[in-house]
There are 2 protein chains.
Amino acid sequence: MNKKTAEKVANTLKAIAHPVRLRIIECLENDEKCVNKIVECVGGKQSITSQQLNMMKDKGVLACRRDGVKVYYRIANPNVIKLLHCIGSHCKNK
Amino acid sequence: MNKKTAEKVANTLKAIAHPVRLRIIECLENDEKCVNKIVECVGGKQSITSQQLNMMKDKGVLACRRDGVKVYYRIANPNVIKLLHCIGSHCKNK
DNA sequence: CCGATATATTACTATATATTAATATATCAA
DNA sequence: TTGATATATTAATATATAGTAATATATCGG
């Protein structure tokens, strides 16, 4: 892996290496959800969740579409789900 | 995933979410290596590499053994390799 | 346009992580 | 014990990330 690739990969990993962001991803695993639902699902403040969502969108982990007043987020990079399972199965027995 | 698990997973991810640390892991993919070799392999200063190695050891990603004057590091958590491949295959085509 | 609901942005402070240079410790052979 | 090689630690600063509160913008029905 060359340095540039390493930086890209590190960037993607950093994008999800956060407890709340992991939970957001998990919550979006099966289907898209609007911000409202995501906030409920992970249980924080709206503005914080919005920041996290935006950050992950910037890094290409999530994508979104607006439908009227609501904005629906979904997982743009399916590998993060695999990744989540991968690392999850390791951490369980710790 | 509950909050505690999310924190553990985030911790492991943070441990590898760094360009140099990713390259270290890659360099240890097939066999253990002494610090010297690792420094050569990733091309930084010895003390920095040592810090990274220690950090990853602390977080359970790596393990090491001393043999005389040399210290050999190896991957302690095989899932990080899978993880690397997972995310690597995504980032390639970007 | 106005009010209501949904989402995003800003500005600020706190905390964590990275970087760098210098120095310390460990092991062994002579 | 001394010198040489290998590795680890410390201390200081820079930079990035997180957390918080307040406010702004967007969409739409009426």
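Since the structure is predicted, the reported quantities are computational estimates derived from the model, not experimental observations. So that the names make sense, note that chain A is the first sequence line, chain B the second, and so on, each numbered from 1.
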field: A:Asn11/A:Lys8 under side-chain hydrogen bond (donor to acceptor under 3.5 Å, both in side chains): CA gap, chis, key distance, verdict
entry: CA-CA 5 Å; A:Asn11 248 10; A:Lys8 280 186 201 166; over 6 Å; no

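- Atom-to-atom, CG of A:Asn54 to P of D:dT25 comes out at 16 Å; the value is rounded to the nearest Å.
- With the nearest nucleotide of DNA chain C identified for both A:Ser47 and A:Val69, A:Val69 has the one nearer the 5' end.
- Put simply, B:Lys45 has a side-chain N or O that comes within less than 4.0 Å of OP1 or OP2 on C:dA21.
- In this structure, A:Tyr73 reaches the sugar-phosphate backbone alone: every heavy-atom distance under 4.0 Å involves primed, P, OP1 or OP2 atoms, never a base.
- Looking only at atom types and distance, the side chain of B:Lys57 has no donor-acceptor partner in the side chain of B:Asn54 under 3.5 Å away.
- In this structure, A:Asn36 does not reach the C:dT5 phosphate: none of its side-chain N or O atoms is under 4.0 Å from OP1 or OP2.
- Heavy atoms of B:Leu53 sit nowhere under 4.0 angstrom from any nucleic acid atom.
- In the interface, the side chain of A:Gln51 is not paired with the base of C:dT7 through any donor and acceptor atom under 3.5 Å apart.
- In terms of phosphate contacts, B:His18 brings a side-chain nitrogen or oxygen within less than 4.0 Å of OP1 or OP2 of C:dT19.
- Among the heavy atoms of the strands, none lies under 4.0 Å from A:Thr49.
- Toward the 5' end of DNA chain D, the nearer of the two residues A:Asp67 and A:Arg21, judged by each one's closest nucleotide, is A:Arg21.
- Within the 4.5 Å cutoff, the side chain of B:Val39 has no heavy atoms near those of the B:Ile48 side chain.
- Residue A:Asn11 is the one, among A:Arg66 and A:Asn11, whose nearest nucleotide of DNA chain D lies closer to the 5' end (criterion: closest heavy atom).
- Side-chain to base pairing of A:Gln46 with C:dA8: one donor and one acceptor N or O lie within less than 3.5 Å of each other.
- The distance from the CD atom of B:Gln51 to the CE atom of B:Met56 is 12.0 Å, given to the nearest 0.5 Å.
- What you find for A:Ile25 and A:Ile75 is that their closest heavy atoms are O-CD1, 3.6 Å.
- Phosphate proximity of D:dT17 to A:Lys14: present, with a side-chain N or O under 4.0 Å from OP1 or OP2.
- Taking atom CD1 on A:Ile48 and atom C1' on C:dA11, their separation rounds to 15 Å, with Å as the unit.
- Rounded to whole Å, atom C1' of D:dA8 lies 15 Å from atom CE of B:Met56.
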